[in-house]
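Below: the structure, in structure tokens.
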Amino acid sequence: MKLSVFILLFCTSFCMAVIPLPNAPSWTSNDNDYSTGGALYDITMDGWIDYCTGNGNDMAMNTNAIYVNQNGILESSASWRSNEAGYFSHIYIGDVDNDGVPDMAVAYLGFGAANQGPTSIYRNTGNGLDQDAWWTSADQYNSFDCAFGDVDLDGDLDLAVAAGDAYSGLESPTRIYRNNSGIMETTPYWTSTDSSPGDACRWVDLDNDGYLDLVVGYRHKLAAFTNIGGTLEQTASWSTAEPGWILRIAVGDYNNDGYKDIAVASNGQLGGDESQIEVYKNDNGVLQTPPEYVMLTSTSYCSCVEWGDANNDGWLDLAAGGWWEPVVVFENINGTINTTPAWSWSGGSGLVCETVMWGDVRNHALNAVDEYKSGDGPRQLFNLTRHPIQELQQVMVDDSILQFTDFIYDPLTGWVSLANAPPSGSDNIKITYTYTQYPDLGVVNWNASNGNYLFSNTTGIKEYEIVRHEAALRLDVFPNPFSKLTNIKFQVPSSKNQVTMRIYDVTGRMVKDLLLPNAYSMLPTVLSWSGTDDKGQKLPSGVYIIELDTGKQIARKKVVITR
């Protein structure tokens with residue numbers, strides 16, 4: 001029986017759960033951190049997404065952490081720790097230096113004017129993050145959130161930071177640090193005129209004009225700064241009076257009308273504020289007020305929110321949570337959000353939720369897709385239908401593969417920005433990426449005594465091994481860098497197509513075809529490569545890309561030759 005038919009029959013019989021999550025955590029970390037920021041992404045580049053956290057908050061000097069995913073199982077104690085300890089808060093993942101591997105930005109919260117710090121970026125060397133910060137801002141302040149975006153559409157990631165301290169009333173403008181071809185400026189090139197303490201920020205093309213706008217959450221205000229032709233206005237042209245204190249923002253098109261909507265978590269801790277989850281509908285480029293949906297109005301401390309299609313029905317569901325309150329998921333039924341949670345879990349006093357996030361930790365329901373876009377002349381920014389993205393394999397324009405320096409993307413909200421406008425054409429841009437049909441739910445917990453959590457999606461458990469083998473495309477290189485010889489370890493799913501492994505230089509020129517046989521078992525295989533081209537000549541020192549292609553999926557790994 002073909003895999004697709006098997007899954008269809010299985011889901012017809014068993015996939016009836018509204019939100020297919022278990023009634024207890026599937027994984028709990030053992031470390032004692034005041035965890036705040038969270039992201040699920042493949043930092044180690046081994047084909048499995050890792051559990052990343054920013055730690056400290058305003059409570060203790062903690063180090064940031066990554067729980068490495070070992071073949072679908074998260075380690076219970078983080079094997080990666082930053083050398084720096086601090087009062088860190090939310091994090092954001094993105095490829096800052098356009099080398100094809102993800103880096104991690106971390107905001108610094110602290111408390112009051114006497115306890116401020118810089119925003120930091122930890123660089124990925126190809127096998128994981130450096131333990132020392134690669135970049136820190138020259139200015140120091142209190143900040144709860146940061147987000148990568150390409151404000152000037154030059155094909156590299158700029159960094160927005162929401163700053164200020166609402167607890168102590170410290171004002172500080174929102175900032176943007178510009179990226180110049182992988183070199184981050186240490187001082188802001190843009191600041192908002194509004195210095196109200198901000199605690200949340202996200203990039204999103206609200207009006208579909210091909211430029212990323214910046215949405216910022218404050219106490220008693222949600223604001224959108226419009227990007228006009230690559231220049232971001234300093235005074236927000238859209239804002240709404242908020243009854244609460246906005247701690248988190250999530251971007252997603254809940255009604256599939258082609259315009260990204262905004263969900264926020266509004267907190268009531270500071271007094272006189274309302275705690276609730278709100279969804280602002282984007283009507284043809286304009287966020288509508290009042291909110292289209294308001295949920296969890298009986299709570300006190302809503303703190304986090306994120307979109308994800310938990311049941312693979314094509315409509316984004318909404319996860320949310322609060323401090324000392326349950327984590328919940330609201331089901332999206334054909335574009336209408338049910339304001340009563342379809343799933344919830346209460347951790348009691350042991351759960352102080354700071355981040356909710358979606359991703360497929362077990363690789364049990366991955367789907368690789370080719371999404372086509374049409375160039376129209378000036379447009380460089382393109383939104384993807386699905387997000388979060390588990391992995392982006394490649395971008396092609398007119399059948400030519402773009403190099404990493406030619407584009408950038410956001411795995412969380414699902415946009416791709418090209419450094420140069422592609423030619424006009426019909427479906428002449430092909431973006432190949434992987435998303436999960438049934439994501440797991442990660443919950444980052446501030447309570448240092450109880451650990452962070454993961455709730456594994458229960459759909460697909462019975463066909464887990466079959467689906468896992470279909471998705472288990474893995475590629476690793478060691479040693480890396482190398483001078484005389486390196487080993488290429490790979491694992492491919494069952495495939496009737498020819499499996500190819502080719503090596504390219506940074507210009508995209510193929511230098512080596514390893515000429516694999518037609519069939520491989522699904523067990524890991526190791527080949528050795530001496531750093532020579534197809535003519536047997538030694539290649540010069542430099543960066544090369546190994547590409548493994550099964551006909552359905554593509555994996556790439558950067559390798560460095562040192563002579």
Quiz prompt | From CD1 (I176) to CD (Q234), nearest 0.5 Å | solution = 9.5 Å
Quiz item: Under 4.5 Å between any side-chain heavy atoms of M357 and P439, yes or no?
Solution: no
Practice problem: State plainly whether the residues R248 and D145 are in salt-bridge range, i.e. N to O under 4.0 Å. | Solution: yes
Quiz prompt | Check: W135 ring centre within less than 6.0 Å of Y177 ring centre | solution = yes
Quiz prompt | Nearest heavy-atom neighbours spanning Q380 and L418 | solution = NE2-O, 2.7 Å
Quiz item: Between D427 and K373, is there a salt bridge with N-O shorter than 4.0 Å?
Solution: no
Quiz prompt | Pair E371, T385: side-chain N/O donor-acceptor within cut-off below 3.5 Å | solution = yes
Quiz item: Is L222 close to V264 at the side-chain level, that is, under 4.5 Å between some pair of heavy atoms?
Solution: yes
Practice problem: Check whether any side-chain N or O of D360 sits under 3.5 Å from a backbone N or O of Q437 as a donor-acceptor pair, and report yes or no. | Solution: no
Practice problem: Identify, with sequence neighbours excluded, every residue that meets ring-ring contact (aromatic ring centres under 6.0 Å, His included) alongside Y293. | Solution: Y254
Quiz item: Under a 4.0 Å N-O cut-off, is there an ion pair linking D199 with R219?
Solution: no
Self-check item: Nearest-0.5 Å distance, CH2 of residue W134 to CE of residue M184
Solution: 7.0 Å
Quiz item: Backbone N or O of N334 within a donor-acceptor pair of the D313 side chain at under 3.5 Å?
Solution: no
Self-check item: S196 and D194 side chains, donor-acceptor separation under 3.5 Å
Solution: yes
Quiz prompt | Rounded distance (nearest 0.5 Å) linking atom OG of S426 with atom CG of D376 | solution = 12.0 Å
Quiz prompt | Backbone of G314 reached by a side-chain donor or acceptor of N256 within 3.5 Å | solution = yes
Quiz item: Ion pair present between D205 and K260, side-chain N to carboxylate O less than 4.0 angstrom?
Solution: no
Practice problem: Answer yes or no: is there a side-chain heavy-atom contact under 4.5 Å between I431 and D370? | Solution: no
Quiz prompt | Short side-chain to backbone donor-acceptor contact, D156 and S181, under 3.5 Å | solution = yes
Exercise. Compare every heavy atom of C304 with every heavy atom of I277, then report the nearest pair and how far apart it is.
Key: CD1-O, 4.0 Å
Practice problem: Return yes when atom CD1 of I333 has more than 12 non-hydrogen atoms of other residues, nucleotides or ligands closer than 6.0 Å, and no otherwise. | Solution: yes
Quiz item: Given the rule in the side-chain contact (heavy atoms from CB on, under 4.5 Å) test, do V18 and W343 qualify, once you have shown the distances and angles that lead to the verdict?
Solution: CA-CA 8 Å; V18 177; W343 176 90; over 6 Å; no
Practice problem: Provide the closest heavy-atom pair for A421 versus P378 in the form atom of the first, atom of the second, distance. | Solution: CB-O, 3.7 Å
Self-check item: Contact summary for A107 and C146, nearest pair of heavy atoms
Solution: N-SG, 4.0 Å
Practice problem: Starting from the C-alpha separation in whole Å, work towards a yes-or-no answer on side-chain contact (heavy atoms from CB on, under 4.5 Å) for F330 and N338. | Solution: CA-CA 6 Å; F330 300 96; N338 188 342; 5.8 Å; no
Self-check item: Flag side-chain contact, heavy atom, 4.5 Å: P102 against Y41
Solution: yes
Quiz item: With distance as the sole criterion, is a donor-acceptor pair present between the side chains of Y280 and E292 under 3.5 Å?
Solution: no
Self-check item: Between CE on residue M510 and CD1 on residue I401, distance to nearest 0.5 Å
Solution: 11.0 Å
Exercise. Check for a donor-acceptor pair, side chain of D158 on one end and backbone N or O of N179 on the other, with a separation under 3.5 Å.
Key: yes
Quiz item: Going by atom types alone, do T240 and T289 pair a side-chain donor with an acceptor below 3.5 Å?
Solution: no
Quiz item: Which heavy-atom pair separates G100 from D95 by the least distance, and what is that distance?
Solution: N-OD2, 2.7 Å
Quiz item: What's the verdict on side-chain hydrogen bond (donor to acceptor under 3.5 Å, both in side chains) for S137 and T186, showing C-alpha distance, side-chain angles and the deciding distance?
Solution: CA-CA 5 Å; S137 61; T186 58; over 6 Å; no
Practice problem: May I ask you to test the Y433-E391 pair for a side-chain heavy-atom distance under 4.5 Å? | Solution: no
Quiz item: Between the side chain of N267 and the main-chain N/O of S303, is any donor-acceptor distance below 3.5 Å?
Solution: no
Quiz item: Checking N420 side chain against D406 main chain: does a donor-acceptor pair fall under 3.5 Å?
Solution: no
Quiz item: Do D46 and T44 have side-chain N/O donor and acceptor atoms under 3.5 Å apart?
Solution: yes
Practice problem: Before giving the answer on side-chain contact (heavy atoms from CB on, under 4.5 Å), spell out for I545 and K557 the whole-Å C-alpha distance, their side-chain angles and the decisive distance to 0.1 Å. | Solution: CA-CA 6 Å; I545 305 299; K557 194 75 174 181; over 6 Å; no
Quiz prompt | Check: T355 and T36 side chains under 4.5 Å, non-hydrogen atoms | solution = no
Exercise. Search all heavy atoms of P411 against all heavy atoms of I93 and return the closest pair with its distance.
Key: CD-O, 4.1 Å
Quiz item: Going through the checks in order, is the side-chain contact (heavy atoms from CB on, under 4.5 Å) test met by L212 and V151?
Solution: CA-CA 6 Å; L212 288 168; V151 64; over 6 Å; no
Quiz item: To the nearest 0.5 Å, how far apart are CD1 in I91 and OG in S120?
Solution: 12.5 Å
Quiz prompt | Side-chain donor/acceptor of E233 to backbone N/O of T226, under 3.5 Å | solution = yes
Self-check item: Side-chain heavy-atom pair V106, T119 within 4.5 angstrom cut-off
Solution: no
Quiz item: Just by modelled atom types, is the L316 backbone N or O under 3.5 Å from a matching donor or acceptor in the N332 side chain?
Solution: yes
Quiz item: So, F225 versus W190, ring centres under 6.0 angstrom or not?
Solution: yes
Quiz item: Counting N and O atoms only, with roles assigned by atom type, does the side chain of N282 sit under 3.5 Å from a partner on the main chain of Y259, one being a donor and the other an acceptor?
Solution: no
Quiz prompt | Test of ring centre spacing under 6.0 Å for H90 and F144 | solution = yes
Self-check item: Presence of salt bridge, R178 and D152, under 4.0 angstrom
Solution: no
Exercise. Kindly indicate whether the side chain of C201, heavy atoms from C-beta on, has any atom under 4.5 Å from the side chain of V161.
Key: no
Quiz item: At what distance, to the nearest 0.5 angstrom, does CD1 of I249 lie from CD of E306?
Solution: 11.0 Å
Quiz item: With no hydrogens and no angle check, do the side chains of D410 and Y92 hold a donor and an acceptor under 3.5 Å apart?
Solution: yes
